[in-house]
Amino acid sequence: HGLEFLQRAGTVICAITIIVWALGYFPHSDAVSEKYEAMRVAAAAVPAADREESLVRIDHAENQEQLLDSYFARMGRAIEPVVKPLGWDWRIGMAALASFPAREVVVATFGTLFNLGSEAGDAGFAASLRTAKRPDGSPLFTVPVALSIMVFFALCCQCGATLVMIYRETHTWRWPLFTFTYMTVLAYVSALLTYQITHALGLGG
């Protein structure tokens with residue numbers, strides 16, 4: 001049963017990760033690619049000691065600019081008004097949305113959104129989260145935001161396998177839909193209260 005679960009979960013996570021990547025990649029702007037390719041050519045004149053760091057910065061900037069006009073970003077900006085009261089921006093909102101079939105997907109989605117093009121591993125991923133900014137330059141991941149995310153994922157029912165098992169036991173989709181709906185609403189309201197209260201108290205941002 002454990003192996004079967006891992007196979008099913010792994011398949012779902014892999015499939016959603018590919019979909020998220022595709023939505024974050026397309027439509028790919030040739031004009032943006034050409035602009036950053038010119039910057040890479042210019043970086044060739046930089047001393048070897050600084051060249052690799054310059055190329056990494058260029059890659060990261062290109063990935064972020066491409067992402068901002070992607071289908072994923074367009075969808076995220078559409079739902080941002082719903083998640084903004086939780087302290088989230090469109091990236092966190094879309095990561096949560098992508099993880100509805102399986103909550104583990106949120107990590108892979110964050111990796112796609114905040115660590116595009118990086119080969120720094122877990123350390124680079126963590127650094128990307130710590131340095132993530134809002135459009136006004138303020139930190140994205142503050143203590144209230146982090147608590148809001150944790151409360152939401154602690155209470156929501158983002159597990160397709162669980163909902164399927166409820167259906168198998170009850171022989172109706174009524175209970176899985178009820179479970180998913182009320183737990184999502186509970187998670188949203190709890191995350192909202194967590195963020196608003198901790199933010200009002202000035203706890204870490």
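Numbers for residues simply follow the sequence, beginning at 1.
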* Nearest-0.5 Å distance, CG of residue Leu140 to CZ of residue Arg134 -> 5.0 Å
* Minimum side-chain heavy-atom gap Val83-Ile92 below 4.5 Å -> no
* **Minimum-distance pair of heavy atoms, taken over all atoms of Ser54 and Ala43** => CB-CB, 4.5 Å
* Asked: Should Val32 and Leu68 be regarded as members of a common hydrophobic cluster, given that ILVMFWY residues are connected when their side-chain heavy atoms come within less than 4.5 Å of each other, either directly or indirectly?
  -> no
* Which atom names give the shortest non-hydrogen contact between Leu67 and Ala73, and what distance separates them? -> O-CB, 3.1 Å
* To do: Could you tell me which residues satisfy side chain to side chain contact (heavy atoms under 4.5 Å, CB included) with Thr131, sequence neighbours excluded, listed by chain and number?
  => none
* **Side chains of Ser33 and His28 in contact at under 4.5 Å (non-hydrogen atoms)** => yes
* **Point-to-point distance, once rounded to the nearest 0.5 Å, from CD of Glu37 to CD1 of Ile58** => 9.0 Å
* Apply ring pair (Phe, Tyr, Trp, His ring centres under 6.0 Å) to Phe152 and list each qualifying residue two or more places apart in sequence or on a separate chain. => Trp88
* To do: Taking side chain to side chain contact (heavy atoms under 4.5 Å, CB included) as the test, write out the residues that go with Glu53, two or more places apart.
  => Arg57
* To do: Is it possible for you to say whether Val107 and Ile149 belong to one hydrophobic cluster, with membership spreading through side-chain heavy-atom contacts below 4.5 Å?
  => yes
* Any donor-acceptor pair under 3.5 Å linking the side chain of Thr198 with the backbone of Leu203? -> no
* Structure fact -> side chain to side chain donor-acceptor pair (under 3.5 Å) filter on Tyr36, not counting sequence neighbours, yields Glu65
* Pairing residues for Ser99 by the side chain to side chain donor-acceptor pair (under 3.5 Å) criterion, not counting sequence neighbours -> Gln158
* Is it true that Trp21 and Ile19 fall in one hydrophobic cluster, defined by side-chain heavy atoms closer than 4.5 Å? -> yes
* Taking only residues two or more places apart in sequence or in another chain, which ones pass ring pair (Phe, Tyr, Trp, His ring centres under 6.0 Å) with His171? -> none
* Examine Met39 and Val56 and state if one hydrophobic cluster contains both, with Ile, Leu, Val, Met, Phe, Trp and Tyr joined whenever side-chain heavy atoms are less than 4.5 Å apart. => no
* **Test item: Thr109 and Met94 side chains (from C-beta on) under 4.5 Å apart, heavy atoms** => no
* So, for Pro27 and Ser70, which heavy atoms are closest and what is the spacing to 0.1 Å? -> CD-CA, 4.0 Å
* To do: Kindly check if the number of other-residue, nucleotide or ligand heavy atoms within 6.0 Å of NZ (Lys84) is above 12?
  => no
* Structure fact -> dist Leu97:CG -> Ile79:CD1 (nearest 0.5 Å) comes out at 5.0 Å
* So, for Phe72 and Phe26, is the gap between ring centers shorter than 6.0 Å? -> no
* To do: Could you tell me whether Arg91 and Asp89 make a salt bridge, using a distance below 4.0 angstrom between a side-chain N and a carboxylate O?
  => yes
* So, do Trp90 and Pro81 sit near enough that their side-chain heavy atoms are less than 4.5 Å apart? -> no
* Give the ring-plane orientation class for Tyr195 versus His199, where under 30° counts as parallel, over 60° as perpendicular and anything between as tilted. => parallel
* Asked: Taking the side chain as C-beta and beyond, is there a heavy-atom pair between Arg74 and Asp69 under 4.5 Å?
  -> yes
* Mind checking ring pair (Phe, Tyr, Trp, His ring centres under 6.0 Å) for Tyr167 and listing every partner two or more places apart, or none if nothing turns up? => Trp173
* Structure fact -> Smallest heavy-atom separation, Val105 atom then Ala98 atom, equals CG1-O, 3.8 Å
* Hey, what do you get for OH (Tyr182) to SG (Cys157), rounding to the nearest 0.5 Å? -> 8.5 Å
* Are Met165 and Trp175 connected in the hydrophobic side-chain network, where two residues link if heavy atoms are under 4.5 Å apart? -> no
* Check side chain to side chain donor-acceptor pair (under 3.5 Å) between Asp30 and all other residues, then give those that pass, not counting sequence neighbours. => none
* Verify whether one side chain among Ser29 and Glu34 offers a donor that lies under 3.5 Å from an acceptor in the other. => no
* CG/Leu163 to CZ/Arg168 distance, rounded to the nearest 0.5 angstrom? -> 12.0 Å
* With sequence neighbours excluded, residues passing side chain to side chain contact (heavy atoms under 4.5 Å, CB included) with Pro101 -> Val12, Ile16
* List, by chain and then residue number, the residues other than Val151 in its hydrophobic cluster (Ile/Leu/Val/Met/Phe/Trp/Tyr, side-chain heavy atoms under 4.5 Å); write none if there are no others. => Leu155, Leu186
* Asked: Do any N or O atoms from the side chain of Gln66 and from the backbone of Tyr25 form a donor-acceptor pair under 3.5 angstrom?
  -> no
* Between OH on residue Tyr71 and CG on residue Leu23, distance to nearest 0.5 Å -> 9.5 Å
* **Neighbour count >12 (heavy atoms, 6.0 Å) for atom CZ, Arg77** => yes
* Asked: When you measure from the side chain of Thr194 to the backbone N and O of Ser190, does any donor-acceptor pair fall under 3.5 Å?
  -> yes
* Using the salt bridge (Lys or Arg N to Asp or Glu O under 4.0 Å) rule, collect all pairs that involve residues 180-192, keeping only residues at least two apart or in two chains. => none
* To do: Not counting sequence neighbours, which residues clear side chain to side chain donor-acceptor pair (under 3.5 Å) with Glu80? List them please.
  => none
